[in-house]
Amino acid sequence: MENKAQMIFQDFIKTSTPIFKDRNSLNSHFTPDTIPHRNNQINNLASILAPSLKGGKPSNVFIYGMTGTGKTLVSKYVGQELEKISNQGTNQVKVLYINCKMKKTADTEYRLIAELCRLLGQDVPSTGLPTQQVYNTFFRLLDFRKWVVIIILDEIDSLVQKMSDDFLYNFTRINQDLTNARVSVIGITNDLNFVDILDPRVKSSLSEEEILFPPYNALELQDILRQRTKLGFTEGVLTDEVIPKCAALAAQEHGDARRALDLLRVAGELAERTKGTNVTGGHVDAALEKIDYDRIIESVKSLPKQSKAVLYSTINLIEKNQDEIQTGDVFNKYEDNCKNMGLSPLTQRRVSDLISELDMLGIINAKVVSLGRYGRTRIIKTSVTNKVKDKIKNVLEMSLVV
Ligand SMILES: Nc1ncnc2c1ncn2[C@@H]1O[C@H](COP(=O)(O)OP(=O)(O)O)[C@@H](O)[C@H]1O
Ligand SMILES: [Mg+2]
């Protein structure tokens with residue numbers, strides 16, 4: 001007898017019109033050839049960087065905007081075009097791109113500099129050498145000739161959390177220690193508050209030029225999706241409401257093109273799985289639910305242990321149908337649970353902070369209410385459906401020993 005897996009694979013091959021023509025082009029890592037609605041930003045960045053082609057040092061640039069507004073795409077694109085022109089001529093420009101959020105490449109100062117050495121063509125072991133030695137290698141690789149090196153530090157805000165402001169301060173002043181090479185830094189952030197927490201000295205040297213990436217509106221998102229649809233989907237499989245719906249949902253949040261693309265791709269995958277021949281608005285609704293579900297489960301999995309214990313205790317109370325759950329109730333339950341799990345309990349104050357963090361992640365809803373002269377407390381509820389709550393509980397039980 002055929003097994004189930006074979007049937008699924010056979011069906012998959014037999015399906016007459018495949019939904020996807022090229023699934024990859026709907027992935028958020030795919031780099032499209034054309035970038036609609038970012039002409040201003042592209043022109044602006046290109047004009048700032050152009051002097052490098054004649055050996056001049058471009059200003060440092062600070063790029064900011066919400067997630068999914070095309071910052072990474074545009075910076076990489078302009079960087080590539082710049083290198084292309086340079087390679088045809090004087091070969092004077094080199095662009096190095098680092099995503100500072102990546103643990104492997106930018107977790108410590110050492111790793112970041114080692115990664116830059118690697119991008120300049122020399123492997124440095126990822127641990128073990130004295131940091132000064134790695135710096136020396138970096139300076140040697142950088143300064144061995146007259147050229148302009150543009151270093152793109154994407155998601156630079158995560159660097160500041162991991163390293164001191166001094167690091168960035170020194171980094172933006174690297175030219176003082178170079179004789180031949182000239183370095184410009186492009187810092188990119190999704191975090192609009194980042195500028196406020198930055199050391200003012202770093203801020204002024206990093207943001208010699210600033211470029212803002214505003215959110216896309218629904219019509220702009222539709223254009224972006226249409227362009228990808230041509231590459232990604234078989235012609236005619238999308239019903240008319242699909243693109244406007246994905247665009248509208250993503251625009252409601254904050255004009256995030258990644259979110260719009262994810263909705264479109266997942267809607268297609270769901271249609272494919274149910275052996276549909278079309279992608280419909282219903283598939284987009286289902287995609288929305290699935291993406292939010294996956295996101296919440298992922299964020300629960302990556303919570304620190306103490307937060308997991310707090311969340312677990314909250315769920316315990318919710319399941320007892322207690323309706324007015326307050327911080328103190330959660331704390332009592334949490335203390336009990338800590339005993340059972342062999343965890344040393346935090347103070348009520350810390351637990352209260354963890355509850356606010358869980359609220360920010362959208363897992364629970366903790367509304368502050370005033371108790372008049374008795375001060376303030378939080379009334380805690382779940383902000384997810386029962387199905388999601390059960391799954392969260394399941395995930396927590398797997399990782400906490402309960
Ligand atoms: N104007 C655009 N045209 C085509 N695709 C875009 C555009 N802006 C963003 N995207 C796509 O949306 C996703 C998110 O863009 P990205 O540059 O990573 O955003 P950010 O770095 O601002 O968070 C990527 O898949 C990117 O290719
Ligand atoms: Mg980005």
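First listed ligand is number 1; within each ligand, the first listed atom is number 1.
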Nearest protein heavy atom with distance in Å, relative to atom 18 (O) of ligand 1
Arg258 NH2, 2.8 Å

With side-chain contact (heavy atoms from CB on, under 4.5 Å) as the criterion, how do Met66 and Asp256 come out once you've worked through the C-alpha distance, each side chain's angles and the decisive distance to 0.1 Å?
CA-CA 8 Å; Met66 308 268 252; Asp256 178 342; over 6 Å; no

Ligand 1 to Leu261, heavy atom cutoff 4.0 Å, flagged ligand atoms 11 (C), 12 (O), 25 (O)

Geometry only, no angles: is Thr34 polar-contacting ligand 1 at N/O separations under 3.5 Å?
no

Consider every N or O of Val74 and every N or O of ligand 1, then say whether any pair is closer than 3.5 Å.
no

Audit row: Asn278, Thr239, side-chain hydrogen bond (donor to acceptor under 3.5 Å, both in side chains) steps and yes/no
CA-CA 7 Å; Asn278 282 308; Thr239 55; over 6 Å; no

If only atom types and distance count, is the side chain of Gln92 paired as donor or acceptor with the main-chain N or O of Val148 below 3.5 Å?
no

Stepwise ring pair (Phe, Tyr, Trp, His ring centres under 6.0 Å) test for Tyr64 and Phe62:
CA-CA 7 Å; Tyr64 60 105; Phe62 184 54; 5.6 Å; yes

Any N/O/S atom, side chain or main chain, of Thr72 closer to the Mg ion (ligand 2) than 2.8 Å?
yes

How far is atom 25 (O) of ligand 1 from the closest protein heavy atom, and which atom is that?
Ser28 O, 2.8 Å

Within 4.0 Å of some non-hydrogen atom of Thr69, the atoms of ligand 1 are 19 (O), 20 (P), 22 (O)

Hey, is Gln227 one of the residues with a heavy atom under 4.0 angstrom from ligand 1?
yes

Take a 6.0 Å sphere around NZ of Lys101 and say whether it holds more than 12 heavy atoms from other residues, nucleotides or ligands.
no

Taking the cut-offs as 6.0 angstrom to the six-membered ring centre and 45 degrees off its axis, would you call Lys391 and Tyr293 a cation-pi pair?
no

For atom 3 (N) of ligand 1, which protein heavy atom lies nearest, and how many Å away is it?
Pro36 CD, 3.3 Å

Please write down residue, atom name and distance for the protein heavy atom closest to atom 12 (O) of ligand 1.
Ala257 CB, 3.4 Å

Evaluate His37 for polar contact with ligand 1, using N/O atom pairs at a separation under 3.5 Å.
no

Below 4.0 Å, non-hydrogen atoms only: which portion of Ile224 touches ligand 1? Side chain, backbone, both or neither.
side chain

What I want to find out is whether Arg350 reaches Asp353 closely enough, with some N-O distance under 4.0 Å, to be called a salt bridge.
yes

Within a distance under 4.0 Å of any heavy atom of Thr67, pick out the atoms of ligand 1 and give their elements.
23 (O)

Below 3.5 angstrom, do we get any N/O pair linking Gly70 and ligand 1?
yes

Evaluate Ile98 against Ile151 for side-chain contact (heavy atoms from CB on, under 4.5 Å), listing each step before the verdict.
CA-CA 8 Å; Ile98 289 201; Ile151 302 181; 5.7 Å; no

Would you mind checking if Asp285 and Lys245 are paired as a salt bridge, meaning a charged N to carboxylate O distance below 4.0 Å?
yes

Nearest protein heavy-atom contact for atom 22 (O) of ligand 1: which residue, which atom, what distance?
Lys71 NZ, 2.7 Å

Determine yes or no for a side-chain-to-main-chain donor-acceptor pair under 3.5 angstrom, with Asn60 supplying the side chain and Val185 the backbone.
yes

What protein heavy atom is closest to atom 8 (N) of ligand 1, reported as residue, atom name and distance in Å?
Tyr216 OH, 2.7 Å

What protein heavy atom lies closest to atom 17 (O) of ligand 1? Include the residue and the distance to one decimal.
Leu73 N, 2.9 Å

Considering non-hydrogen atoms of the protein only, which is the closest contact for atom 21 (O) of ligand 1, and what is the distance?
Thr72 OG1, 2.7 Å

Tell me whether the NZ or CZ atom of Arg140 lies within the 45° cone about the ring axis of Tyr135 and under 6.0 Å from its centre.
no

For Phe30, take its heavy atoms, then give the atoms of ligand 1 lying under 4.0 Å from any of them.
27 (O)

Options His29, Gln41, Glu155, Arg228, ranked by nearest heavy atom to atom 11 (C) of ligand 1, top entry
Arg228

Salt-bridge present (Arg23, Glu272; N to O < 4.0 Å)
yes

